[in-house]
Every structure is written in structure tokens, then in C-alpha cells.
Protein chains: 2
Amino acid sequence: MEKSSSTTTFEQHLEKRYGQVGEEKRMAFEAKAKAFAIGELIKEERRLSNMTQEQLATKTGTKKSFISRIENGKSDIQLSTLYRILELGLGKKISFTIE
Amino acid sequence: MEKSSSTTTFEQHLEKRYGQVGEEKRMAFEAKAKAFAIGELIKEERRLSNMTQEQLATKTGTKKSFISRIENGKSDIQLSTLYRILELGLGKKISFTIE
DNA sequence: TGTAAAGTTAACGAATAATGGAACAAAAGA
DNA sequence: TCTTTTGTTCCATTATTCGTTAACTTTACA
């Protein structure tokens with residue numbers, strides 16, 4: 001069920017999570033859904049690394065409560081936070097694709 | 001000189017801008033350099049779209065001064081800001097790759 | 001050259017992310 | 001079931017982005 005490594009567009013995440021919806025409705029929760037999608041990605045990677053939220057938190061110098069909020073898309077995090085979690089915490093390389 | 005569309009890792013951006021450097025030195029300015037790299041990406045895309053900072057700012061509901069700060073890596077922006085600029089402002093789709 | 005357009009920087013409040021702690025809920029194991 | 005681990009939510013405080021104006025610098029071009 002877990003993907004081991006992936007390129008995931010936000011649209012794909014939306015699709016996977018909410019299914020096909022109208023363009024208008026989509027716009028409504030897009031921002032929230034995107035934050036959620038990033039969180040989902042982090043959660044997946046963390047689990048693949050066999051880490052608890054607390055371990056990830058310790059490694060990135062924060063607390064498990066913060067990790068939880070991020071994974072559940074409840075925080076509009078800064079780019080540096082994203083890097084810290086993914087690279088420092090999970091040892092992953094992250095890159096952007098713009099098209 | 002301008003790339004029309006691209007997948008760019010932060011490392012590639014670092015290489016392009018600072019050349020090969022020692023691992024320790026790199027760590028020192030990594031965060032700053034990454035913010036800068038994102039800014040560079042945005043600047044490239046904006047220029048390819050033949051827009052001024054002011055036009056981009058208007059389109060995304062902010063001011064040119066803020067766009068300038070972002071493009072020059074002086075602000076550790078939030079994810080929502082990144083989407084707003086790239087998608088709403090420049091009509092680009094952005095996706096992440098984690099490896 | 002001079003002038004206007006485009007871009008940069010500083011400074012300021014307002015909004016909000018980041019942080020830490022604690023209490024609670026859910027999941028996993030014995 | 002009981003116990004422990006793991007994860008979630010809430011609260012208060014601190015730190016920083018965001019939005020904005022204004023002044024300054026650089027670039028473009030007649």
C-alpha cells in the first residue's frame with residue numbers, strides 16, 4: 001500500500017484522496033488539500049523509514065506535536081521546514097518540477 | 001540563455017551558482033542558497049512569461065517589493081506563497097519529487 | 001545624456017508559523 | 001483486558017512571514 005518512492009503532483013494526490021470533482025469545488029479546498037498532500041508524502045516517507053513522529057521530531061529539532069500537525073496538513077509550513085523534515089530528517093532529496 | 005521548462009534540483013542550482021565546494025562550507029549557506037534557488041526559478045519563469053515584478057505582484061495580490069524579496073532569496077516563504085506565485089501568478093504546475 | 005520604467009531595500013504593523021508543554025485519544029502488544 | 005507506545009489536539013509564547021509604503025538604485029531607451 002505504501003509507495004517506496006514517487007513523483008507526485010498535487011493533482012494526483014487530490015485525485016487519490018477526493019476523486020474527480022468539479023473545477024469550482026476543487027478550487028475551494030485546493031490550498032488545504034495541497035498542504036494535506038505534502039503531509040501525506042511526509043507521513044509515507046517517515047513510515048517507510050520505520051520512524052515514529054517522535055524520532056523524526058528529535059532528528060529535526062522539534063516536537064512530535066509539530067510533526068503531527070504537518071502530516072495532517074494543519075500548518076502552512078515554510079520551505080525551510082519542508083527541507084528540514086525531508087532532507088535532514090528523512091535523508092531524502094527533494095526537487096521541484098515546473099511545467 | 002533562459003531555460004523554457006525544467007526539473008532542477010537544489011544541488012544543481014548550487015552547482016550552477018557557486019560551483020563545487022566542500023561539504024562543510026556547503027552546509028553553511030545551504031538553506032539560504034536553496035531559498036535563492038527557488039527565487040531564481042521564479043525569476044526565470046516570470047521573465048519567460050514576459051512579466052514585470054509588478055504585474056506578477058498584482059496578479060497574486062501582493063506588491064513588487066515582496067516579489068523582489070522572494071526572487072532574491074530573502075524570504076523563507078510558505079508553501080502557499082510558492083503555489084500562489086507559480087500557479088496563480090505564472091500559470092505553472094509544480095510538483096515535487098522525493099528520492 | 002536625460003527620463004521613465006523596473007527592480008531593490010528598509011521599516012512598520014498585522015497575521016500567523018514555529019515552538020514547547022500538557023492532556024487526551026488511538027493503536028499496538030503482552 | 002491492561003499497559004505502553006504512538007499520535008492528536010489545545011494553549012500560550014515567540015519568531016517570522018506577509019502586506020505595504022516610501023525611498024533609493026538600476027536598467028532601458030528615446
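Residue numbering restarts at 1 for every chain, and letters A, B, ... go by the order of the sequence lines. What you are looking at is a predicted structure, and each value in this text was computed from that prediction instead of being measured.
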Would you jot down, in residue-number order, the residues of residues 51-58 of chain A having a non-hydrogen atom under 4.0 Å from DNA chain D? A:T52, A:Q53

When the distance from [atom1] of [X] to [atom2] of [N] is rounded to whole Å, what number comes out?
X	N	atom1	atom2	result
B:N50	C:dG7	CG	P	11 Å
B:E71	D:dT26	CD	P	18 Å
A:I42	D:dG7	CD1	C1'	16 Å
B:I67	C:dT9	CD1	C1'	15 Å

Looking at side-chain heavy atoms only, is the closest gap between [X] and [Y] below 4.5 Å?
X	Y	value
A:T58	A:K63	no
B:F96	A:L82	yes
B:R84	B:T62	yes
A:T60	A:I67	yes

I'd like to know if B:R46 pairs up with B:E71 as an ion pair, taking the criterion as any Lys NZ or Arg NE/NH1/NH2 lying under 4.0 Å from an Asp or Glu carboxylate oxygen.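 Salt bridge present between B:R46 and B:E71.
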
Does B:E87 come within less than 4.0 Å of B:K92, counting only side-chain N to carboxylate O?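 Salt bridge absent between B:E87 and B:K92.
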
Please determine if a side-chain N or O atom of B:N72 lies less than 4.0 Å away from the OP1 or OP2 oxygen of C:dT8. yes

B:R46 side chain N/O closer than 4.0 Å to the phosphate oxygens (OP1, OP2) of C:dG7? yes

Short side-chain to backbone donor-acceptor contact, [X] and [Y], under 3.5 Å:
X	Y	answer
A:E44	A:L41	no
A:D76	B:S80	yes
A:S49	A:E45	yes
A:S68	A:K64	no

Using a 4.0 Å cut-off on protein heavy atoms (strictly under), produce a 5'-to-3' string for nucleotides 12-19 of chain C with B for base contact, S for backbone-only sugar-phosphate contact, and - for none. -----SSB

Any chance you could list the contact pattern along nucleotides 25-30 of chain C? Use B for base contacts, S for sugar-phosphate-only contacts and - for none, protein heavy atoms under 4.0 Å, 5' to 3'. ------

Identify, between A:K64 and B:S68, the residue whose nearest nucleotide on DNA chain C lies closer to the 5' end. B:S68

So which heavy atom on B:K43 is nearest to which on B:N72, and how close?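 Heavy-atom minimum between the residues: NZ-OD1, 4.0 Å.
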
